[in-house]
Structures are given as structure tokens and as C-alpha cells.
Amino acid sequence: MEKYLPKEIENKWQQKWKNDPSIYAADDLSTNEKKYILDMFPYPSGDGLHIGHVESYTATDIISRYFRMKGFNVLHPQGWDAFGLPAENFAIKTGVHPSETTKKAIANFTKQINSLGFSYDWSREINTSDPGYYKWTQWIFLQLYKNGFAYKKKAKVNWCPSCKTVLANEQVIDGKCERCNSEVIQKDLEQWFFRITDFIENKGETIGLLNGLEKVDWPDSTKAAQRNWIGKSEGTQFGFRIKDSEEAIEVYTTRVDTAFGITYVVVAPEHPVISNLKSKISNFAEVEKYLIEAQNKTELERTELQKEKTGVRLEGVEVINPFTGEAVPLFVADYVLGGYGTGAVMAVPAHDERDYAFAKKYNLAIKEVVSGGDISKQAFTDDGVLINSSDYTGLDSAEARQKMADWLEKENVGKKKVNYRLRDWLVSRQRYWGAPIPIIYCEDCGAVPVPENDLPVVLPTDVDFKPTGESPLVNSKTFHEVNCPSCGKKAKREVDTMDTFVCSSWYYFRYADPKNADEFAASEKINKWLPVDLYVGGAEHTVLHLLYARFFTKALHHLGYLDFDEPFSKLRHQGIILAEDGNKMSKSKGNVVNPDTVVAEVGADVLRMYEMFMGPLEDMKPWSTQGIVGIVRFLEKIWKLQEKISDGQLPENGKNKALIHKTIKKVTDNIESFRYNTAISSLMILVNAFEKEKEIAAGDFEALVAMISPFAPHIAEELWEKLGHQTSVTKAEWPKADAELMKEEEVEMVVQVNGKVRERLMIAPDVTEDEAKETALESEKVKAFTQGKEIKKIIFVPGKLINIVVD
RNA sequence: GCCCAGGUGGUGGAAUUGGUAUACACGCCAGUCUUAGGAACUGGUAGAGCAAUCUGUGGAGGUUCGAGUCCUCUCCUGGGCACCA
């Protein structure tokens, strides 16, 4: 028999699949039940495919191939998240246009992906930088704009000085730019936003971003992270009247029960009340100095100095606590955030750590109103029973919160209020390589949407890439200077482009109808294929892509374009594959494993199967070059089993039959529950058993080949062909487990005495408790522990275990 | 500080409702064969002990005939959020 030569086999079959793309094509017309299995599409970087891509793409490929064999109509597409900064930065350095770089990278990615035998439906390939695609990104922008979900406003925004563009909140990690790690600063700029906060709670028929999490099958950690990011907080908002004035300062609190302990009020440096009260503030010079200092701090500086609180009293201004009628001093301090709640807080040093630290530093009164702590040492922040709180004394915190909020409402000075941490999504970018925002500014008409007939607004090529802080599109006269679509006068185009996350927020709709020139996708096709049945990708997109995509789905559902309001019914993340040394793979450490090298050495089937065998998909796990040998040996063993295929009739071998059917069941269950590592191990057990046989029935070997085909499609096709099949193993039926045939003639029964294993006996699987007891008590080993003792109890698990309880 | 997910041999990891702890694989040890190779095959491999046996799933308690699995407390690791009032 010839040797197992993965390279030859893999080339042969990849060529065949390429020549017959229909075998993996999704069928728009089929009435079979559909499965939409989706990978997070890659950014085609110059570095090529990463070993982590291989992990998640193999996982989805296995389940896609499995579902096809089960008779489902499977949609398993792939495409390119092709806009983005790396190509643009490369252009700045070298002058090579990003479209060139991207085109090259895509060609390389495609080659690499095909060398791994993934069963994508390439007829549905998409590319976000293709005008045929971003026309619809722009179209969706216009729908959002026309319905009030996209708007432009001046605001304090995150600015990355190195990337020279604004960033969304989600793209700032620990005060640093998600992409380049530079410290982010705050700037007042006029920018485009999407009203994502409108969809936090249910909106009409559309289930909200919070409630929607309850109906999807996503990892708990991901749901928790999204809830965390949205940051819902239920509290009370009420006003402090400024003494000798009609004006009031609104504060927000979750602890209105501590209101009798208020000893001062604090506003954020951005709070408008400061300039409004300028005439009253006797130390305004000092206050102004503080404001300037606060403004110059970066986000990082402002939060890094958490311990050391600073602030200035607004001398000459006092505010009235509505509960006590007491006048308390007013401070400005940058530990209060301008962008959250009302930008002002009531300070209760006895029951809040930050207020406590501030009060200690500036020698302010600390008044205890909830019993249970020792406020001479530290703030007591738990709930408790109220003291020193007039009529509310004696109530516990929860009850007091309710009654005090009711009182505020009755007095018309406050109400219950819900706040969220989530801000609207800032989507404009001052960069080149993205989808242009389809808006035209006219001196007379203002912001005018580009007419839908004029879409796409094509990205011009006559630009200078050097980032200046203004979009490079401003340099393109052909692009920038246009006529107003409304009045025809000279006007200017919006020069900012959209965040690449906008392009990736809807791409999974486009796969349903990728070539449609009249719609972003025909509604019958979208509603046929969507929602996505299984979505697999890295956990780093938890609050970025996954939140934005949900928002798009909800907005489009609300506008009547979709039948569903959650895009991804089931989500799983692949874990990070660490380098052999246990560190993260990185170019600078030189510990990166390149899939091309591994494929060249051991073949795609081995790489695919090894990555699935390493451990649970979602776990972080280190690469092991040594460990691959196990899979090489496994596939070689399967190859050699061909020699044992019997051409004649084999006598029924009961033991192997049971093992085959048990394996079918286990592999089937494991694939459906995404536990490929244990699926492979049970296949190994079956192969080890086959190896011990002199001959194997052809049908049994076929079942094995069918089962390995999702994991290692090339060797499976080759063996399938050698078994005499004319058609691809993809067209084969997935083997069925027969429960009758799984039954063993004899099973091992564990005999325990007082819960400890003392003996293992072979019995018929259906013996009764009495029979089992009798057999067990005859055993010498068991006797040694039961002799002369009274049997108090027998626990019997049929076919498995008997536990004899003695004194 | 808050919220998730985890801690099992030398290594990656197995273990339906609580029911044989360490499947499968790597590595290691011994052996067989050999054209000495990073091949193949056979056997062994949690720890202690000559053995019977005892001890073992981060730690301490508890529930149970029986706990890796359930409960309480605690330590550690990874991830997310964080001056959010």
C-alpha cells in the first residue's frame, strides 16, 4: 500500500473543490432546514493568517460540514473587513495605495484559507471596501440619519494624537488608544454619532440591548461584559436650590437614603453652573485656575490620581438640601464626572468612600445617618438602618430610598431616574481608508443627505495620505467640492469617513444576498437565512463589534427591514492559543507559529485536527509542537487501516459493533455541543480498537471515514474515493447511532463497601439488585470488608455500581 | 472595589442527573524488531509502601451510603468594568 502523503492528497482535493464550488454552496431555493454558520470576517492584514484564525475557522468548518451531511441547507460564507488603519498607515510610510495593499493581502489570505480546506461558499464573498458594498453602508447611514438615529453634535470626544482621529468610547482601553496604545486626550469637536443609547431598553416591538441578552445563547461572560458596559443604574435625581437664587443644581444618586448625611455638594469642572454663578463666586480666580488644570489633565491622569482628590470651594455660594432645608457648601472637583448623571453629586462622606476621602482632606463635616459602621475609621457604604434622619429614622435603606423618592416626587423637586454608562457611538473618523459619510453641507440648506440615487459616494484616489487631524479627503477637490443636491448651489462634502466598525455591523446580512444592486439585501433572503445560528470569533469584540452589530439589527428591525431583532442566536469564542513558551504570540518575541509552515510540514488535516484536539475551543491553551505528533500518528493509523478492510462477509463482531455505535453517538453529541477535543478522543479509541482487529468490515470503516470527514476532509475524501464512492464524502449521510446495537453483553460493575471501591465484576447489564448483591457478597475481596459486620443498607445503580454499607 | 470564568498527573486535558478520578494524547521508562531513525510495535507510568493497603482534583469545614461535581468560608490565576455617585 502506498504511504500517506498529505501534501499530494490535499492538493488533489483542494483542486477538485475549486473546480466544483457548488458542493459547498448555500441554496437560496432549498426548503431544507437552514443553518447559518458564521466566522467573524478577518481584517486582511499583511501578516497573513494567524494560528488563531485557523482555530475558529476549523471549528465552524467542522459544524458546517457536519450539518451538510445531516441534510441541512448550510450557509457558511467568508469575506473581508477590508477598511482600516494598518493599510492606510502603510500607505503613509510607503506611498502604496491601501487598495493595493488590501488586494494583495486578500489574495494571500484566500490562498491560505484554501490551503486549509475550509468549505466556504465563495460565491458570496464580500469586501467592505468595495463600492458595491459600502454603497449600502452609506445607505444604512442615511436611513439612520433620516430617522434621527444618526446626528452630529459638538462634544468632548476621545482623540488619539498618534492616529490623528477621534475614537469611540469602546476604542479607548485604560485611557489609551485600542490600536496604537497612545494616551488619548479629550477634545471638543463636532462629530457624527449613532443613537445606540436609544436601544438600551425595548423600543416598541424591538427588544432592547439589555433584555435581548436574555434570549440569546451567548457565553455568560460576554453577556455580563455587555451589561457591565451599558452600566444601568437605578437611582434618584433631585434639585438643590442655590441660596438667594431661583436656580437649582440637579444631582443624581443611588443612595437617596443617605440624604440626611449630606454635608456638601460637588459639581464637575465642566458643569455650566460655574460660569452662571461667576458674579457670586468670591474666589473665581482660584476656581478658574482649577478648571484649567482639570481640563489639561488627560483621562489617564484624571483617573490615575484616584486616591488624591482635589477640588475648590465655590466661596459665596451655598445650596439647600431639600430634605433638611439646611444650606451646605458647593465645591468643584474633578472626581465628579461631567459626562455621567447630571455632572453633580450630593456628598455624603459618612457613607461614600470618595466623599469621605475628600471631606477628610478639606476638613468637612461627616454626619452618620446609616448605622452599622464605624465612621471614625472609614465610610460605611452598606445598607443599614437609618439614624439621624427625621421621620425616616428607623427604616432600613431600601425602604427609605422608596419613601424618600416618593416624597421628592410629591414635593415636585425630584424623581426616580435610571442612568446608563453607555454613550452614543461616535462614528466619524478623520482618516482616509473608510466609507465616506454621505452628507453634503450647503450654506443655505445645512446638512443635506446625498440622494440615494447618487450612492455610493466613492472614495477618491487623488489624496495625500499624511494625517493632519483633518480627513485626507479634504485635499481632494474632485471629491470635496460639489453642488447642493437640494438647491444646486456650491457646497462641500463631509470629508470624514466612517469607523470600520460601522462596515462590520451589518456584513452578516449581506451574505444572504451579496450581489444585490437594488437593496442591501432582499428581505425574503435576509429573513430566510438570518438570524445567524452560530457565530464564532474572538472575545476581544465583546463590547465593540458585538454590541454595534446588535444595535444595527435593532435599528433596522425598528425601521421595518428585518423580522428579527437579535442577529446572533448562538455565540462562542475561541480561546487564545499561546506560544509554546506560555506567552502570547507576538512578532517582537519571535514566538509566532505560522500556519503555512505547519501545513507544509504535516498537512492541513493534521493542523486542523490538532488545534481541535488541544482542548476546549474557548479555553486559552499553549501550542505544543511535540503534541502534533499524536495527530500525525492518528491519521497514519487510519490510513493503514485500509489494509484490514475485509472484502468478504465478516461475522458480526458484537463488541466492535457496540463500540462503533457508541462512538457515533459520542461524536455526534460532541460536535453539536462544540466539544471537538473529546469527539476526537473517542475517534481515537475506535481506531485503536480497529487496529487490534485482523479485519474490519467495509461498512464499519466507512462510518469512521464519514465521522472524520468534518475534521480532516482531505484524507476522508481520499479514503472515501478508495472505498469506491463516486461522489464526495460531503454528500454522504452522517452515520446513525443505533441504541440497540450499543448494548454490551457484559458490563463492569463496581462494588463499593462504605463508598470505597473494593471489587470490579463483570455482569450482564440488566441484573437485578438481588442478583448483584449476591454476586458481590461472594467476592473474597468484598468479604474481607464485610465479614462479621451488619449490612445496614445497599445502594444499587443498575448496570454500574453497588455500594454495601456496613457498620 | 464590582462582575464573569477557572484551579485535576511531568504536560495538554477527560469524567450524563452526585456513582470506577486521571479517558485520549504528549512526554518519560522498559522491552521487541531493525538498513540505528525524530520509525513501528508491546508493556508500564498520580504519590507512599515489599505487600495488604493508605493518601490524593488549590485550602478549611459541611451535606451524603457516596463529592472533582452540591453548600459555606478562604486562597490563587485569567478576563471585563471601574472616581459611574
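By convention in this document, chain letters (A, B, ...) are assigned in the order of the sequence lines, proteins followed by strands, and residues within each chain are numbered from 1.
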Look at all strands and tell whether [X] reaches a base, only sugar-phosphate, or nothing, counting heavy atoms closer than 4.0 Å.
{"X": "A/Q226", "value": "nothing"}
{"X": "A/V336", "value": "base"}
{"X": "A/E353", "value": "nothing"}
{"X": "A/S221", "value": "sugar-phosphate"}
{"X": "A/P616", "value": "sugar-phosphate"}
{"X": "A/E618", "value": "nothing"}
{"X": "A/N688", "value": "sugar-phosphate"}
{"X": "A/M620", "value": "sugar-phosphate"}
{"X": "A/D220", "value": "sugar-phosphate"}
{"X": "A/V805", "value": "sugar-phosphate"}
{"X": "A/T678", "value": "sugar-phosphate"}

Nearest listed nucleotide, side chain of [X], among [options]:
{"X": "A/I795", "options": "B/A85, B/C65, B/C81", "answer": "B/C65"}
{"X": "A/W229", "options": "B/A82, B/C4, B/A25", "answer": "B/A82"}
{"X": "A/V797", "options": "B/C83, B/G19, B/C24", "answer": "B/G19"}
{"X": "A/I685", "options": "B/C26, B/A23, B/A82", "answer": "B/A23"}

request  = Determine the minimum heavy-atom distance between A/N803 and A/G755, stating which atoms define it.
outcome  =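 Between these two residues, the closest heavy atoms are OD1-N, 3.0 Å.
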
key: Residue closer to the 5' end of RNA chain B, A/K640 versus A/D619 (nearest nucleotide)   =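 Between the two, 5'-proximity favours A/D619.
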
task = Between A/K621 and A/E691, name the one whose nearest nucleotide on RNA chain B is closer to the 5' end.
result =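 Going by which nucleotide is closer to the 5' end, it is A/K621.
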
Partner lookup for [N], please. Criteria are Watson-Crick or G-U wobble with both distances under 3.5 angstrom; report none if nothing qualifies.
{"N": "B/A52", "result": "none"}
{"N": "B/G37", "result": "none"}
{"N": "B/U64", "result": "none"}
{"N": "B/A82", "result": "none"}
{"N": "B/A5", "result": "B/U77"}
{"N": "B/A23", "result": "none"}
{"N": "B/U17", "result": "none"}
{"N": "B/C28", "result": "B/G44"}

request  = Give the intermediate values and the outcome of ring pair (Phe, Tyr, Trp, His ring centres under 6.0 Å) for residues A/Y676 and A/F674.
outcome  = CA-CA 6 Å; A/Y676 299 144; A/F674 240 57; 5.3 Å; yes

key: Pairing residues for A/L544 by the side-chain contact (heavy atoms from CB on, under 4.5 Å) criterion, not counting sequence neighbours   = A/E170, A/Q171, A/E178, A/F501, A/Y548

query = Out of A/I51, A/N591, A/D581, which one pairs with A/W623 under the side-chain contact (heavy atoms from CB on, under 4.5 Å) rule?
reply = A/I51

inquiry  = Taking side-chain contact (heavy atoms from CB on, under 4.5 Å) as the criterion, tell me which of A/Q237, A/M346, A/K417 meets it with A/T253.
reply    = A/M346

Rounded distance (Å) that lies between atom [atom2] of [N] and atom [atom1] of [X]:
{"X": "A/M609", "N": "B/C26", "atom1": "CE", "atom2": "P", "answer": "14 Å"}
{"X": "A/I173", "N": "B/G79", "atom1": "CD1", "atom2": "C1'", "answer": "12 Å"}
{"X": "A/I230", "N": "B/A82", "atom1": "CD1", "atom2": "P", "answer": "13 Å"}
{"X": "A/K792", "N": "B/G66", "atom1": "NZ", "atom2": "C1'", "answer": "14 Å"}
{"X": "A/N670", "N": "B/A14", "atom1": "CG", "atom2": "P", "answer": "10 Å"}
{"X": "A/R572", "N": "B/A5", "atom1": "CZ", "atom2": "C1'", "answer": "14 Å"}
{"X": "A/R421", "N": "B/G80", "atom1": "CZ", "atom2": "C1'", "answer": "10 Å"}
{"X": "A/E540", "N": "B/A5", "atom1": "CD", "atom2": "P", "answer": "20 Å"}

query = At what distance, to the nearest 0.5 angstrom, does CZ of A/F238 lie from CD1 of A/I249?
reply = 12.0 Å

NZ or CZ of A/R550 within 45° of A/W218 ring axis and under 6.0 Å = yes

message = Can you tell me whether the side chain of A/K223 and the base of B/C4 have a donor-acceptor pair closer than 3.5 Å?
response = no

ask   = Is the base of B/C65 touched by the side chain of A/N803 through a donor-acceptor pair closer than 3.5 angstrom?
value =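 Checked by distance alone, the answer is yes.
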
Using the [atom1] atom on both, measure [N] against [M] and round to a whole Å.
{"N": "B/U64", "M": "B/C71", "atom1": "P", "result": "16 Å"}
{"N": "B/G1", "M": "B/U22", "atom1": "P", "result": "40 Å"}
{"N": "B/G27", "M": "B/A36", "atom1": "P", "result": "22 Å"}
{"N": "B/G10", "M": "B/G18", "atom1": "P", "result": "30 Å"}
{"N": "B/A5", "M": "B/U72", "atom1": "P", "result": "14 Å"}
{"N": "B/G59", "M": "B/C75", "atom1": "P", "result": "15 Å"}

inquiry  = Please determine whether a side-chain nitrogen of the Lys or Arg among A/R633 and A/E636 lies less than 4.0 Å from a carboxylate oxygen of the Asp or Glu.
reply    = no

Carboxylate-amine/guanidinium proximity below 4.0 Å for A/K621 and A/E55 =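 Counted as a salt bridge, because a side-chain N and a carboxylate O are separated by less than 4.0 Å.
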
I want to check one thing: is the phosphate of [N], taken as OP1 and OP2, less than 4.0 Å away from some side-chain N or O of [X]?
{"X": "A/R675", "N": "B/G13", "result": "no"}
{"X": "A/R633", "N": "B/A25", "result": "no"}
{"X": "A/N677", "N": "B/A14", "result": "yes"}
{"X": "A/K800", "N": "B/G19", "result": "no"}
{"X": "A/Y335", "N": "B/A85", "result": "no"}

How are the rings of [X] and [Y] set to each other: parallel, tilted or perpendicular (split at 30° and 60°)?
{"X": "A/F331", "Y": "A/Y362", "value": "tilted"}
{"X": "A/H545", "Y": "A/H541", "value": "perpendicular"}
{"X": "A/F358", "Y": "A/Y335", "value": "tilted"}

Atom pairs under 3.5 Å, N or O on each side, protein against nucleotides 47-56 of chain B: can you list them with distances?
| unit_1 | atom_1 | unit_2 | atom_2 | d |
| --- | --- | --- | --- | --- |
| B/C54 | OP1 | A/R758 | NH2 | 3.3 |
| B/C54 | OP2 | A/R758 | NH1 | 3.0 |
| B/U55 | OP2 | A/K756 | NZ | 3.4 |

key: Syn or anti for B/G9 (syn when the glycosidic angle lies within 90° of 0)   = syn

